[in-house]
Amino acid sequence: MGTLQWYLIRQTLGPLAFFVLVLTGVVWLTQSLRIIDIVVNNNQGAAAFVEFTILLLPLVLSVVLQLGALAATIYMLHRLISDSELAAAFAGGFSKLALAKPIIVMGLGLTVCLAVVTTYLMPTSAQTMRDRISEIRGDIAAGLIRDGRFLTPADGLTVYIREITPEREMLGILVKDMSDPVRGAVTYTAKRGFLSEASDRPALVMFEGQAQQVDDTGRLSVLRFDRLAYDLTSFMDSGGARSRKPSERYFWELVAPPNADELSPRAYGKMIAEGHEQLSAPLYGLALPLVAAAAMLSAGFSRRGAAGAVVTAIALGAGLRVTGLAVKSVLTGAPYLWPLLYAIPLGGVLAALYFLMRSPLGGRPNAPLGDPSPAPAE
């Protein structure tokens, strides 16, 4: 690559770093709300929040690296057009494809980075995160030592404790058990109680209370008690026995599931879709910036600015990625369509190269805009 290409690479890397940083913050904020909810409801500290934040980064990077490349390419080319640097490059005999070489190099580098993120870091972090969440939710004691708010330490269990004394005695207890759909919801109230973890079987021991339940006929039954031990063992997560979601598996486990005969059609479709998405998503690291470059470089020059070219580049890039996500959702019911996941980004790359190799005015390919004379050799 010549001096101009190295100059364009330097002009691209700065915006790329900026957009990746900004988009990482935005996407992380949207994804971290559920993590904050888990940390707060299960009485975890800052260390758990930092751990979950790090585990969330691969998922965030898989999104922002693609969008950052698209945004950086559009920003860089728009600035070159506004400063007339692009017109000077065309007048100097540089072709559109030559000017797009730095973007191709950047896209290839991002493709390699995305391949590492989507095929290894994402499933690893997703599996680790779910293991930690299961471990935290299985710690019933940690979820019950907060007073003054309604807590959900486990699915189907809601607990409210008005006050916890320095001696760890609980005052004003309300427990709602909705874990058994056949039996229905049971509401326990008690004046006081404490948490017992004898023999590794956690139980909430309540005194001077009552249990209320509405039967199928709508009648309310009330059972008053002086002492009741409410067993919490059934709400503890067994951790290692849980089944793994497709997002927690590596692509070699997904594209050819060893237990395919035992899976339902929908479960099989989800695994095929996730596996090929892990392999095809890195291609957008090259496709999105290259499509944007083709749209910007092929638009020609206008006294009204490059706003139209910017809008076209954004629409083409966003449309390409949205189409890929739509095809992934379709694969759940039609897994045999998996080649489309690769055809969409590769088609975008080929179409972009085609427009970069031809003249926007219909003249000789790669001729400078507005210059009918032969272009000097680069």
Side-chain angles (χ1 to χ4, degrees), residues 16 27 58-74 97 100-101 103-126 245-258 260 263 265-295 312-358:
L16 176 63
V27 177
L59 174 62
V60 174
L61 287 176
S62 68
V63 177
V64 302
L65 286 178
Q66 301 174 32
L67 298 181
L70 176 65
T73 301
I74 295 174
L97 186 59
K101 282 183 181 178
I103 297 171
I104 295 175
V105 171
M106 178 193 70
L108 291 174
L110 288 176
T111 298
V112 174
C113 294
L114 282 168
V116 175
V117 170
T118 60
T119 61
Y120 178 74
L121 295 181
M122 277 182 58
T124 301
S125 63
K245 293 182 177 180
S247 59
E248 300 175 67
R249 300 176 182 270
Y250 300 101
F251 71 89
W252 58 81
E253 303 176 78
L254 296 167
V255 296
L263 298 174
R266 184 172 181 81
Y268 177 77
K270 285 184 176 181
M271 296 188 74
I272 294 296
E274 181 65 31
H276 288 288
E277 173 70 12
Q278 290 183 10
L279 293 173
S280 63
L283 297 175
Y284 289 97
L286 174 62
L288 294 184
L290 198 57
V291 166
T312 302
I314 294 174
L316 290 175
L320 190 71
R321 193 63 188 100
V322 170
T323 302
L325 295 175
V327 170
K328 179 188 175 183
S329 64
V330 171
L331 255 61
T332 303
Y336 55 86
L337 296 177
W338 63 263
L340 290 178
L341 284 178
Y342 302 90
I344 292 171
L346 291 177
V349 170
L350 294 177
L353 290 175
Y354 170 76
F355 282 101
L356 288 171
M357 295 175 66
R358 64 184 291 272

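Quick caveat: nothing in here was measured; it's all calculated off a predicted structure.
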Can you check whether [X] reaches [Y] side chain to side chain, under 4.5 Å on heavy atoms?
X: L59; Y: S62; answer: yes
X: V255; Y: L279; answer: yes
X: P289; Y: M106; answer: yes
X: L67; Y: V63; answer: yes
X: P246; Y: L254; answer: yes

Listed partners of R249 passing side-chain hydrogen bond (donor to acceptor under 3.5 Å, both in side chains), at least two apart: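 With neighbours one apart ignored, the set is empty.
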
Contacts of Q66 that satisfy side-chain hydrogen bond (donor to acceptor under 3.5 Å, both in side chains) - sequence neighbours left out: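 Q66 satisfies side-chain hydrogen bond (donor to acceptor under 3.5 Å, both in side chains) with R321 only.
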
[X]: what forms a side-chain contact (heavy atoms from CB on, under 4.5 Å) with it, not counting sequence neighbours?
X: L263; value: P257, N259, A267, Y268, M271
X: A352; value: L290, V291, A294
X: S280; value: E277, L341, Y342

Donor-acceptor contact present, side-chain T332 to main-chain R266, <3.5 Å: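 No.
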
Please give me the minimum heavy-atom distance between [X] and [Y], naming the atom from each residue.
X: L114; Y: A281; result: CD1-O, 4.5 Å
X: V117; Y: P123; result: O-CD, 4.4 Å
X: A295; Y: L316; result: CB-CD1, 4.0 Å
X: I74; Y: A292; result: CG1-CB, 3.8 Å
X: A287; Y: P345; result: CB-O, 3.6 Å
X: A100; Y: L356; result: CB-CD1, 3.7 Å

Between Y250 and T124, a side-chain donor and acceptor under 3.5 Å: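 Per modelled atom types, Y250 and T124 side chains form a pair under 3.5 Å.
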
Pair L353-L97, side chain to side chain contact (heavy atoms under 4.5 Å, CB included): steps then yes or no: CA-CA 8 Å; L353 290 175; L97 186 59; 4.2 Å; yes

Salt bridge (Lys or Arg N to Asp or Glu O under 4.0 Å) against K328, all qualifying residues, sequence neighbours excluded: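 Counting only residues at least two positions away or on another chain, K328 forms a salt bridge (Lys or Arg N to Asp or Glu O under 4.0 Å) with E274.
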
Verdict with reasoning, V330 to L337, per side chain to side chain contact (heavy atoms under 4.5 Å, CB included): CA-CA 8 Å; V330 171; L337 296 177; 4.1 Å; yes

Trace of the side chain to side chain contact (heavy atoms under 4.5 Å, CB included) decision for I344 with Y284: CA-CA 9 Å; I344 292 171; Y284 289 97; 3.6 Å; yes

L108/L286 under side chain to side chain contact (heavy atoms under 4.5 Å, CB included): CA gap, chis, key distance, verdict: CA-CA 6 Å; L108 291 174; L286 174 62; 3.9 Å; yes

